[in-house]
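Each remark here refers to the structure printed beneath this line.
As the structure lists them, so they are numbered: ligands from 1, and atoms in each ligand from 1.
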Amino acid sequence: MEQPIAVTRQSFDDWMVPVYAPADFILVRGEGSQVWDQQGKSYIDFAGGIAVNALGHAHPVVTAALVEQAGKLWHLGNGYTNEPVLRLAKQLIDATFADKVFFCNSGAEANEAALKLARKRALDQGNSSKNQIVAFNNAFHGRTLFTVSAGGQPKYSKDFAPLPGGITHTPFNDLAAAAEVINDNTCAVIVEPIQGEGGVLPADPAFLQGLRELCDRHDAVLIFDEVQTGMGRTGELYAYTQYGVVPDVLTTAKALGCGFPIGAMLTTDELAKTLGVGTHGTTYGGNPLATAVAGAVFSIINTPEVLDGVKQRHQWFLDGLNKINQQYPIFSEIRGGGLLIGCQLTQDYAGKAKQITQLANEEGVIALIAGPDVVRFTPSLIIPEQDVKEGLARFARAVARICS
Ligand SMILES: *Cc1c(COP(=O)(O)O)cnc(C)c1O
């Protein structure tokens with residue numbers, strides 16, 4: 001057999017388009033909430049592949065579903081439907097407000113579908129000026145041109161002009177500002193129940209409630225981007241149920257496939273009619289391999305055992321992080337819900353989130369940032385207590401180093 005090509009971290013710089021700056025080690029294996037690098041060093045994984053690996057690495061049931069489907073049928077194209085996609089659709093429909101599902105391959109694609117649906121719905125109603133989209137500062141909705149434009153972080157869109165027009169941004173959690181721009185020409189409002197990439201900022205219940213009322217008054221589509229908050233991340237299957245505010249369209253991805261690429265847009269019967277045959281689509285969306293994996297993931301996550309476990313783990317993290325913060329006061333606030341936790345750095349440590357996660361890597365734990373001033377934790381929803389303790393002990397050593 002031919003030897004595999006030898007690769008090191010340097011190979012990344014040699015061969016890859018430099019849109020990322022990955023850590024200076026290469027991970028080769030994972031099991032549960034632990035991963036190992038090429039040198040055999042172990043890390044506790046508090047990042048979960050950016051809120052994706054909700055059941056950790058190499059979960060036996062998910063792996064078995066993948067392997068079983070891999071031996072049967074991978075892909076057909078959308079001229080032929082398949083059993084796993086229909087079963088997954090029914091699982092999502094039975095567990096949410098939705099009546100209909102559109103499958104795609106990523107969060108950005110799910111949001112793209114949602115925004116296109118809203119524009120076309122208004123046009124189908126004969127209202128060609130009802131094309132305005134309201135979104136929020138600091139939001140993140142993906143990296144396609146439409147979704148970076150809807151996102152509220154100009155650093156991701158400013159180099160790609162001309163951008164799709166008709167999108168207005170107002171401050172997150174400022175209902176009065178939103179009310180000023182939402183009118184009868186608004187076709188959609190898109191919002192994250194908890195801004196993830198933007199710094200782990202939860203929406204105020206009154207804000208989402210108010211957006212719901214404004215959308216009702218002006219017949220606009222309320223889109224909840226639950227790509228990061230969905231699939232159990234906050235301790236409920238989707239965060240909208242915690243807020244008691246039901247959107248018209250919900251987008252989900254990330255943890256839906258636990259690492260196998262899949263996204264979905266959920267909506268009502270009435271809105272689904274907008275996207276008739278041939279109006280939208282994607283080659284891989286809803287293929288049997290992805291949906292078989294997601295079906296297994298769904299069956300495990302949508303149980304009281306896993307969802308209640310998220311709330312318990314939230315407390316373990318809070319207790320541990322507060323203890324660290326008592327000894328080394330570097331956080332001004334610890335916020336978020338379930339296992340989407342953000343630690344805001346104090347003025348003294350502003351801009352040091354990346355450096356802290358690099359030191360954490362050296363100590364053997366993987367954490368995320370959410371902007372330069374927030375350390376973010378999005379571990380597996382079933383991370384064992386022992387791994388939480390050990391990971392936080394390692395994280396505490398990193399914090400001690402930044403404070404010394
Ligand atoms: C990650 C994320 C996206 C983009 O998902 P991709 O799969 O990277 O396209 C969109 N919205 C939110 C809230 C996200 O966290």
Side-chain angles (χ1 to χ4, degrees), residues 19-20 22 47-54 102-118 133 135-153 155-157 160 167 169 172-173 188-203 207-208 211 222-234 237-240 242-243 247 249-266 282-287 290 293-294 297 336-342 368-371 374 376-379 381:
V19 289
Y20 308 115
I50 318 189
V52 167
N53 306 318
F102 169 78
F103 288 105
C104 50
N105 315 289
S106 68
E109 277 183 67
N111 286 327
E112 189 88 19
L115 296 170
K116 285 176 73 175
L117 184 157
I133 292 162
F136 299 98
N137 294 347
N138 228 25
F140 186 80
H141 298 303
R143 299 292 201 126
T144 63
L145 200 56
F146 203 174
T147 56
V148 280
S149 305
Q153 303 189 50
K155 67 179 177 197
Y156 294 138
S157 59
F160 305 104
I167 303 172
H169 294 92
F172 186 65
N173 272 338
V189 175
I190 183 167
V191 65
E192 298 159 85
I194 301 176
Q195 284 194 335
E197 301 303 309
V200 190
L201 293 159
F207 179 63
L208 295 187
L211 293 179
L222 181 60
I223 302 165
F224 278 4
D225 178 347
E226 293 228 32
V227 170
Q228 189 149 164
T229 53
M231 287 302 290
R233 179 60 49 193
T234 66
L237 186 66
Y238 287 101
Y240 80 86
Q242 282 164 326
Y243 280 94
V249 175
L250 181 151
T251 56
T252 180
K254 290 209 163 94
L256 181 59
C258 272
F260 200 99
I262 180 169
M265 177 190 71
L266 279 52
T282 164
T283 295
Y284 296 116
N287 88 26
V293 173
V297 168
L339 289 174
L340 173 53
I341 297 170
L368 288 171
I369 64 171
V374 176
R376 175 173 40 150
F377 300 97
T378 57
L381 306 184

**Item:** For ligand 1, the portion of Asn111 having any non-hydrogen atom under 4.0 Å away
**Value:** side chain
**Message:** Heavy-atom distances under 4.0 Å decide this one: backbone, side chain, both or neither, for Glu192 against ligand 1?
**Reply:** side chain
**Message:** Using a 4.0 Å cut-off to any heavy atom of Gln228, which atoms of ligand 1 qualify?
**Reply:** 15 (O)
**Request:** Answer yes or no: does an N/O atom from Glu197 fall short of 3.5 Å to an N/O atom of ligand 1?
**Result:** no
**Asked** Identify the closest protein heavy atom to atom 14 (C) of ligand 1: which residue and atom is it, and at what distance?
**Response** Lys254 NZ, 2.9 Å
**Asked** Between Thr251 and Asn111, is any side-chain donor less than 3.5 angstrom from a side-chain acceptor?
**Response** yes
**Request:** Answer with yes or no whether the side chains of Asp225 and His141 bring together a donor and an acceptor at under 3.5 Å.
**Result:** yes
**Message:** Using every non-hydrogen atom in the two residues, find where Ala203 and Tyr243 come nearest and quote the distance to one decimal.
**Reply:** O-OH, 2.7 Å
**Message:** When you compare the side chains of Thr234 and Gln242, does any donor N or O come within less than 3.5 Å of an acceptor on the partner?
**Reply:** yes
**Item:** Nearest neighbour in protein (non-hydrogen) for atom 6 (P) of ligand 1
**Value:** Gly107 N, 3.4 Å
**Message:** Test your reading of the structure: does Gly142 have an N or O sitting under 3.5 Å from an N or O of ligand 1?
**Reply:** no
**Request:** Taking atom types as modelled, find out whether Thr252 and Glu226 have a side-chain donor-acceptor pair closer than 3.5 angstrom.
**Result:** no
**Prompt:** Do Glu197 and Arg376 sit within salt-bridge range, that is, some charged N less than 4.0 Å from a carboxylate O?
**Reply:** yes
**Asked** Given Phe224, which of Leu211, Val249, Val191 fulfils the side chain to side chain contact (heavy atoms under 4.5 Å, CB included) condition?
**Response** Val191
**Message:** Ring centres under 6.0 Å, that's the criterion: do Phe136 and Phe207 meet it?
**Reply:** yes
**Prompt:** Near Ala108, which atoms of ligand 1 are under 4.0 Å from a heavy atom of that residue?
**Reply:** 4 (C), 5 (O), 6 (P), 9 (O)
**Closest approach of Pro379 to Phe377 (non-hydrogen atoms, all atoms of both residues)** = CD-C, 3.5 Å
**Item:** Protein contact to atom 10 (C) of ligand 1 [nearest heavy atom, distance to 0.1 Å]
**Value:** His141 C, 3.4 Å
**Complete:** If you compare Leu256, Asp225, Val52, Thr252 by their heavy atoms, the one closest to atom 11 (N) of ligand 1 turns out to be Asp225
**Request:** List every atom of ligand 1 that sits less than 4.0 Å from any heavy atom of Ser106, numbering the atoms from 1 in the order shown and giving each element.
**Result:** 7 (O), 9 (O)
**Prompt:** Quick one: does Ala253 get an N or O within less than 3.5 Å of an N or O on ligand 1?
**Reply:** no
**Asked** Counting both backbone and side chain atoms, is some N or O of Val227 under 3.5 Å from an N or O of ligand 1?
**Response** no
**Prompt:** Is there a protein heavy atom less than 4.0 Å away from atom 8 (O) of ligand 1?
**Reply:** no
